[in-house]
Amino acid sequence: MKTTACLDAINNGYARLTYGEGGREQIDVRLTTLSKYIPEKLEEGEILELTISDSKEVVDAQRLVEETERRRRRLKALIDWLAYGIYSDGLGELNKENV
Amino acid sequence: MFRIHFLDVGRGDSIILQFENGRTYLIDSNEISGKVTPFDYLRKIKVVELETVVATHLHTDHLLGLQRIIESIPNRQVWLNEYNYIPNEAYENFLLALRNEPDIRIYFPHSAMKVIEGKDRLQVLAPPPNLLYSNYFF
């Protein structure tokens with residue numbers, strides 16, 4: 001199965017990946033397993049394209065850099081607006097999508 | 001009587017504080033199949049209003065379900081921790097739900113903060129107040 005996942009947390013050599021509706025599917029994968037496919041340093045919040053086998057083993061992965069940056073912009077815009085009343089372009093993008 | 005409910009949500013945690021003065025706080029939420037959801041548990045114990053929803057940090061296993069709770073159960077305030085900022089979908093959905101509830105106040109509590117609820121006191125332990133927003137974001 002090919003899916004888009006978020007590298008939600010890094011703990012003790014494991015990466016917690018979330019995917020599915022709202023991140024409802026949560027699996028832990030060894031970072032060394034991911035590094036077979038993505039040798040660069042990974043950070044929490046990165047969006048990955050995963051291929052997962054029937055036994056929930058990650059058999060391929062790649063970074064989705066643009067999607068990660070897009071989500072970072074959206075969230076920064078949201079938190080700026082909600083907490084500090086600061087309007088930014090990212091919020092305009094969100095407003096168009098969530099009227 | 002002050003009550004604490006620790007829910008088994010599989011990963012992460014979810015804790016409900018019920019103060020003697022009748023106010024209820026929810027700390028974190030996760031929803032995994034086969035486990036009770038905090039949303040359902042709040043209904044089961046007949047909580048119809050929350051004083052505070054606390055998102056201790058922004059990993060999905062501490063956030064999942066808060067969107068539904070914000071949308072369904074009236075609550076007065078949300079405590080967020082901005083110092084662990086992760087752009088996951090659960091966080092985005094949670095913030096979008098908050099955007100639609102302008103009466104909910106948002107706070108970033110820190111370790112100098114104490115809350116008095118009747119004869120009970122709540123002490124925030126972290127993060128220290130010298131960690132400023134501007135030091136963290138980009």
Side-chain angles (χ1 to χ4, degrees), chain A residues 3-12 14-29 42-48 56 63-88 90-99, chain B residues 9-13 29-35 37 39 55-71 77-109 132-134 136-138:
Chain A
T3 188
T4 300
C6 179
L7 200 172
D8 194 54
I10 296 176
N11 277 319
N12 298 323
Y14 280 85
R16 176 159 303 156
L17 300 166
T18 61
Y19 58 97
E21 187 193 345
R24 217 164 273 272
E25 299 292 331
Q26 301 168 11
I27 59 170
D28 288 343
V29 174
L42 289 166
E43 292 184 359
E44 291 183 344
E46 294 207 58
I47 312 294
L48 309 176
K56 291 205 169 180
R63 271 184 153 127
L64 297 180
V65 177
E66 283 184 18
E67 180 61 22
T68 302
E69 288 311 307
R70 183 171 159 270
R71 191 178 278 178
R72 279 189 202 284
R73 278 199 307 274
R74 288 158 62 96
L75 285 176
K76 184 175 185 305
L78 262 175
I79 201 75
D80 277 349
W81 175 250
L82 288 170
Y84 304 99
I86 300 168
Y87 186 91
S88 63
L91 197 67
E93 181 189 326
L94 263 171
N95 286 338
K96 278 183 204 160
E97 292 175 21
N98 297 279
V99 281
Chain B
V9 289
R11 300 174 192 272
D13 67 279
S29 170
N30 192 20
E31 294 190 347
I32 282 184
S33 60
K35 299 286 184 184
T37 69
F39 178 79
T56 58
H57 65 287
L58 306 175
H59 287 144
T60 298
D61 58 354
H62 294 258
L63 287 173
L64 206 54
L66 290 185
Q67 174 196 4
R68 184 156 61 130
I69 288 163
I70 289 288
E71 289 169 346
Q77 56 186 335
V78 167
W79 293 3
L80 293 177
N81 173 2
E82 64 179 348
Y83 303 108
N84 187 351
Y85 170 75
I86 299 150
N88 58 47
E89 194 176 347
Y91 184 35
E92 182 170 325
N93 289 338
F94 177 45
L95 293 184
L96 284 169
L98 281 177
R99 190 185 64 163
N100 296 331
E101 303 287 345
D103 292 336
I104 297 176
R105 288 173 293 165
I106 297 172
Y107 294 102
F108 295 101
L132 296 175
Y133 170 80
S134 56
Y136 188 78
F137 267 128
F138 310 105

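Chain letters run A, B, ... following the sequence lines, proteins first and then strands; every chain starts at 1. Worth saying up front: this structure is predicted, and the values here are computed from it rather than measured.
- For the residue pair A:Ala9 and B:His59, the shortest heavy atom distance occurs at CB-NE2, 3.4 Å.
- One finds the OG1 atom of B:Thr60 at 13.0 Å from the OH atom of A:Tyr19 (value rounded to the nearest 0.5 Å).
- Heavy atoms closer than 4.5 Å to chain A are found in both the backbone and the side chain of B:Asn88.
- Qualifying side-chain hydrogen bond (donor to acceptor under 3.5 Å, both in side chains) partners for B:Thr37, counting only residues two or more places apart in sequence or in other chains: B:Asp40.
- At least one donor-acceptor pair under 3.5 Å links the side chain of B:Arg11 to the backbone N or O of A:Gln26.
- Heavy atoms closer than 4.5 Å to chain A are found in both the backbone and the side chain of B:Leu98.
- Partners of B:Glu101 under the side-chain hydrogen bond (donor to acceptor under 3.5 Å, both in side chains) rule, at least two apart in sequence or in another chain, do not exist in this structure.
- Only the side chain of B:Asn30 comes within contact range of chain A, with at least one heavy atom under 4.5 Å from a heavy atom of that chain.
- Expressed to the nearest 0.5 Å, how far CG of B:Leu80 lies from CD1 of A:Ile79 amounts to 5.0 Å.
- In terms of heavy-atom pairs under 4.5 Å with chain A, the best-connected choice from B:Ile106, B:Leu63, B:Asp61, B:Val78 is B:Asp61.
- Heavy-atom distances place no part of A:Asn11 under 4.5 Å from chain B, backbone and side chain included.
- Between B:Phe94 and A:Leu78, every side-chain heavy-atom pair lies at or beyond the 4.5 Å cut-off.
- When all heavy atoms of A:Cys6 and B:Pro87 are compared, the closest pair comes out as SG-O, 4.2 Å.
- Looking at heavy atoms from C-beta onward, A:Asp8 lies out of side-chain contact with B:Tyr91 at the 4.5 angstrom threshold.
- Side chains of A:Thr18 and B:Leu64 form no contact here, defined as non-hydrogen atoms less than 4.5 Å apart.
- For a residue to count as touching a neighbouring chain, one of its non-hydrogen atoms must lie under 4.5 Å from one of that chain's; by this rule B:Leu95 touches chain A with backbone and side chain alike.
- Here the side chains of A:Arg74 and B:Glu92 are in contact, with some heavy-atom distance below 4.5 Å.
- The shortest side-chain heavy-atom distance between A:Glu21 and B:Glu89 does not fall under the 4.5 Å cut-off.
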